[in-house]
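See below for the structure under consideration.
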Protein chains: 2
Amino acid sequence: MSSGATPAQVMQGCPVHDLRVKLRDAGLRPTRQRVALGWLLFAKGDRHITAEKLYEEATGARVQISLATVYNTLHQFTEVGLLREIAVDGSKTYFDTNISNHHHFLFEETNALVDIPDSHIAVGALPEAPEGMEVSRVDVIIRLTKKVASA
Amino acid sequence: MSSGATPAQVMQGCPVHDLRVKLRDAGLRPTRQRVALGWLLFAKGDRHITAEKLYEEATGARVQISLATVYNTLHQFTEVGLLREIAVDGSKTYFDTNISNHHHFLFEETNALVDIPDSHIAVGALPEAPEGMEVSRVDVIIRLTKKVASA
DNA sequence: ATTTGTGCAAATCGTTTGCATCTGA
DNA sequence: TCAGATGCAAACGATTTGCACAAAT
C-alpha cells in the first residue's frame with residue numbers, strides 16, 4: 001500500500017482518511033479533486049510548487065481536474081492555512097507546503113527554492129514599524145548564483 | 001531652477017548634464033526618454049515604483065513616451081545597476097531607486113513599500129549554500145498589517 | 001550613414017471569472 | 001435536497017515582442 005500507487009489508487013486506501021479529516025477540519029469539503037491535490041501536495045514532504053506544475057502532476061497521475069480548480073484549491077488551502085504563498089519576484093506564484101517559520105534559498109539560475117530551517121537563520125533587531133502596525137511575517141530570501149571559478 | 005519645473009523643462013537646464021553622463025557611463029545612450037525617466041526616478045530621493053505608475057507620472061509631466069519604452073528603460077536601468085527589482089508577491093513588479101543594501105517594510109493593505117536602512121536590521125548566521133553557490137543578495141521583507149485594537 | 005532606441009498594436013503568459021453542470025452531505 | 005464545487009472557455013491585467021520609423025553618434 002505504498003509502492004507505486006497513483007494518487008487515484010491511494011485515494012481508495014487508508015491514509016486518505018486523515019487527509020479528508022484535515023480538509024473537513026479546515027472547513028473544506030473533501031471533494032475528489034481536493035483530496036487528490038492534497039495527496040500530491042502533502043504526501044511527499046515539503047515542497048514548493050506552482051499551480052501549473054501541480055496541474056501537470058495531477059494530470060500525469062490520472063487525476064481528472066481543471067487548471068482553474070487547481071488555482072482555486074491552492075488559494076483555498078492557503079486561506080485555511082494549509083499552504084503558504086511565497087514571494088519570489090518571478091511572474092509565477094509559488095506555494096509552500098511547509099507552513100512553519102522558515103526562509104528560503106533561491107537558486108537564481110533555475111528559480112528553484114530550498115527551505116532554510118528557521119533555527120539556521122537569525123534576523124535580529126527589527127525596527128518596529130510605524131504606529132498601529134504589527135509584523136505579520138518576515139520573509140527572507142537568500143539569492144544564490146553559481147560561484148565564479150576562482151581561487 | 002528648482003521650483004515647479006517639469007522634467008521636460010529641467011531637461012534644458014543643468015542638473016540634466018549629470019544624468020546624461022550617468023547614463024553614458026552606464027553604456028546607455030542618453031535619449032530624450034531615458035533622461036526624462038531618469039529625472040523622474042532619481043531627482044526625488046529613494047522611491048519604489050511600477051512601470052505603470054512611472055508611465056503615468058511621465059505622461060502627467062508632459063513627457064511623451066510609450067508604456068513599452070518605460071518597461072524597456074526600467075529593465076535597462078536595472079541591468080546596468082541603476083535600479084533594483086523588488087520581489088513582492090503581488091502581480092506587479094516594483095523597481096527601487098535605492099540600490100544600496102537595505103530591506104523593506106511591506107504594508108499589506110496598500111502594498112506600499114518603505115525602506116529599512118541596512119543598519120537597522122541584522123541577519124545573522126546565514127547557513128552557507130550548497131557547494132559551488134554563492135550569495136548574490138539577501139532580501140528581507142517585513143510584512144505589516146494594521147494592529148488589531150486591543151490593550 | 002549607421003547603429004540604437006522608440007512607438008504602436010498585437011501577442012503572450014499567468015491567473016481569474018461567469019456560468020451551466022455536477023457532487024457530497 | 002441543495003449549498004457548495006467543478007469545468008470550460010472567455011476575460012483579464014501585466015508585461016513582452018515584431019516591426020516600421022525616428023533619433024543619436
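Convention: sequence-line order gives letters A, B, ...; per-chain numbering from 1.
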A correct 5'-to-3' footprint of nucleotides 9-25 of chain D, with B, S and - meaning base, sugar-phosphate only and no protein heavy atom under 4.0 Å, is -----SBBB------BS
Residues which pass side-chain contact (heavy atoms from CB on, under 4.5 Å) with A:S91, listed by chain and number, not counting sequence neighbours: none
Quick test of your reading: applying salt bridge (charged side-chain N to carboxylate O under 4.0 Å, His left out), list the pairs with at least one residue in residues 19-30 of chain A, sequence neighbours left out, ordered by first then second residue. none
For A:L113, the rest of its hydrophobic cluster, which grows through side-chain links under 4.5 angstrom: A:I86, A:V88, A:Y94, A:L106, A:I141
Would you please confirm or rule out a distance under 4.0 Å between OP1 or OP2 of D:dG4 and any side-chain N or O of A:Q76? no
Using atom CG of A:L37 as one end and atom C1' of D:dT6 as the other, report the distance to the nearest whole Å. 12 Å
With a 4.0 Å cutoff (strictly under), does any side-chain N or O of A:T69 reach OP1 or OP2 of D:dG7? yes
Please round to 10 degrees the angle between the axis of the first five pairs and the axis of the last five pairs in the helix from C:dA1-D:dT25 to C:dA25-D:dT1. 30°
Going by side-chain contact (heavy atoms from CB on, under 4.5 Å), name the residues that satisfy it together with B:E52, two or more places apart in sequence or in a different chain. B:T50, B:E56, B:L67, B:Y71
Under the rule for ring pair (Phe, Tyr, Trp, His ring centres under 6.0 Å), what residues qualify as partners of A:F95, not counting sequence neighbours? A:H75
DNA chain C: first to last nucleotide in contact with chain B (atom under 4.0 angstrom from a heavy atom), 5' to 3', is C:dT3 to C:dC8
Output the distance between atom NZ (A:K44) and atom CD1 (A:I49), rounded to the nearest 0.5 Å. 8.0 Å
According to salt bridge (charged side-chain N to carboxylate O under 4.0 Å, His left out), does anything in residues 103-113 of chain A pair up with another residue at least two apart or in another chain? List the pairs. A:E108-A:R143
How would you list, by chain and number, every residue that makes a ring pair (Phe, Tyr, Trp, His ring centres under 6.0 Å) with A:F42, sequence neighbours excluded? none
Which residue pairs satisfy the salt bridge (charged side-chain N to carboxylate O under 4.0 Å, His left out) criterion with at least one member in residues 63-82 of chain B, sequence neighbours excluded? none
If I take atom CD1 in residue A:I65 and atom C1' in nucleotide D:dC8, what distance separates them, rounded to the nearest angstrom? 14 Å
Set of side-chain contact (heavy atoms from CB on, under 4.5 Å) partners for A:D115, sequence neighbours left out: A:D46, A:H48, A:D96, A:N98, A:H102, A:H104
